[in-house]
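Values below: every heavy atom of this structure, side chains too, minus hydrogens, waters and symmetry copies. Lettering of chains follows the sequences in order, A, B, ..., and the numbering in each one begins at 1.
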Number of protein chains: 2
Amino acid sequence: MKLSQRGEYALRALLVLGMNHGPAVVRIRDIAQQQNIPRRFLEQILNDLKSAGFVVSKRGVAGGYRLQRGPEEISLADIIRHLEGPLAPVGCVSVNYYQRCSCPDEGKCAIRSVMQEVRDAIVGVLEGVSVAHLCDRVRDLQGPLENPLDYII
Amino acid sequence: MKLSQRGEYALRALLVLGMNHGPAVVRIRDIAQQQNIPRRFLEQILNDLKSAGFVVSKRGVAGGYRLQRGPEEISLADIIRHLEGPLAPVGCVSVNYYQRCSCPDEGKCAIRSVMQEVRDAIVGVLEGVSVAHLCDRVRDLQGPLENPLDYII
DNA sequence: TATAATCCCGACTAATTTAGTCAAGTATTG
DNA sequence: CAATACTTGACTAAATTAGTCGGGATTATA
């Protein structure tokens with residue numbers, strides 16, 4: 001699993017939406033400015049996150065985005081799978097995007113058995129962290145002294 | 001960490017060399033046939049593994065390749081790092097290929113802290129497995145009944 | 001109802017990476 | 001010397017990545 005720039009931007013954007021979760025929406029422009037993401041690129045990314053059902057949008061003057069589900073219901077594994085495809089390092093150990101490889105017998109492939117372990121290790125971490133957890137970490141890392149309004153991601 | 005075709009071929013080739021470790025060399029052609037790897041491509045890959053010091057070659061009629069060090073001294077982490085670059089999903093948590101990312105404060109970046117855990121999980125597996133371990137797995141997976149000469153990878 | 005703000009959509013591009021191929025050369029053994 | 005193998009470097013086609021861009025659709029509000 002390698003996170004592309006696009007993927008990193010998406011996570012950062014979802015984290016902003018998580019931190020501002022509520023009935024109100026957040027503008028693309030604000031997310032882009034705060035996170036230093038190219039605005040046009042972010043539009044594209046949020047559009048994708050929208051059609052995947054992670055966020056909903058509101059158009060027009062007071063428009064913007066918010067999370068569709070609660071932040072505790074969205075795992076990083078889900079997000080990254082949608083953005084980058086398989087979490088597994090090789091297709092033949094991917095559960096969600098399985099693809100046969102060229103070795104003669106998968107059941108007896110030693111490399112595969114190692115990659116299986118790598119996959120499980122990755123998924124173990126990523127399934128266990130939701131956007132809400134991320135938000136908790138932001139608060140923890142910042143410490144209790146700072147102004148919660150200008151949090152840093 | 002995503003394993004490219006090239007990377008997978010390299011692992012398979014090294015595993016063959018591990019299984020045949022000894023003073024004798026193995027021909028590219030034999031590795032390519034046994035593992036179903038395009039011969040010309042494998043030439044390129046082995047050349048790379050040679051300049052990286054994983055294997056040594058012998059030219060001429062009875063030429064071929066063998067491992068430079070013992071199979072127990074070569075970890076999958078080393079191999080993959082050389083072939084694919086960082087094991088970490090993002091540059092800012094890579095120990096060997098660190099690269100600063102665009103977030104304002106790495107020390108307080110929640111996403112980074114998760115990716116750190118992912119990296120540690122990946123490295124934990126891959127540092128712990130050597131080519132010799134891979135060979136053991138091949139033998140284990142095959143069971144004791146089969147002919148050790150036509151092992152499958 | 002006009003208008004400005006905002007999201008929406010699809011096409012486009014440039015740079016990089018990936019997966020190979022190929023030709024001609026060099027060393028070694030029999 | 002001839003056949004066999006590795007060596008080197010250039011080349012290519014396709015896919016991916018990281019954006020950019022123009023213009024259209026929607027909506028709050030004055």
Looking only at side-chain atoms of [X], point me to the closest of [options].
X: B:Val61; options: C:dT29, C:dA4, C:dC7; value: C:dT29
X: B:Lys58; options: D:dA28, C:dT29, D:dT8; value: C:dT29
X: B:Arg6; options: C:dA19, C:dT29, C:dC8; value: C:dA19
X: B:Pro38; options: D:dT4, C:dT6, C:dT21; value: C:dT21
X: A:Gln5; options: D:dA18, D:dT7, D:dA28; value: D:dA18
X: A:Arg29; options: C:dC8, D:dC6, C:dT6; value: C:dT6
X: B:Glu43; options: C:dG20, C:dT6, D:dT8; value: D:dT8

* Asked: Does a nitrogen or oxygen in the side chain of B:Tyr9 sit under 4.0 Å from OP1 or OP2 of C:dG20?
  -> yes
* Within less than 4.0 Å of OP1 or OP2 of D:dA5, is there a side-chain N or O belonging to B:Ser57? ->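 Looking at the OP1 and OP2 atoms of D:dA5, neither is under 4.0 Å from any side-chain N or O of B:Ser57.
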Pair [X] + [Y], salt bridge at N-O below 4.0 Å:
X: B:Arg139; Y: B:Asp136; value: yes
X: B:Arg137; Y: A:Glu117; value: yes
X: B:Arg119; Y: B:Glu127; value: no

Base [N] paired with [X] side chain (donor-acceptor, <3.5 Å):
X: A:Arg40; N: D:dG22; answer: yes
X: A:Arg59; N: D:dT27; answer: no
X: A:Gln44; N: C:dC9; answer: no

* Heavy atoms under 4.0 Å, any strand shown: does B:Ile28 hit a base, just sugar-phosphate, or nothing? ->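 Sugar-phosphate contact only - B:Ile28 comes under 4.0 Å of backbone atoms but never of a base.
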* Heavy atoms under 4.0 Å, any strand shown: does A:Gly63 hit a base, just sugar-phosphate, or nothing? ->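 Here A:Gly63 touches the backbone only, sparing every base.
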* **Given DNA chain D, 5'-ward residue of the pair B:Leu46 and A:Ser4, judged by closest heavy atom** =>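 Counting from the 5' end, the first nearest nucleotide belongs to B:Leu46.
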* Asked: Just checking, any donor-acceptor pair under 3.5 angstrom between side chains of B:Arg81 and B:Ser94?
  -> no
* Between the side chains of A:Ser4 and A:Glu84, does any donor sit under 3.5 Å from an acceptor? -> yes
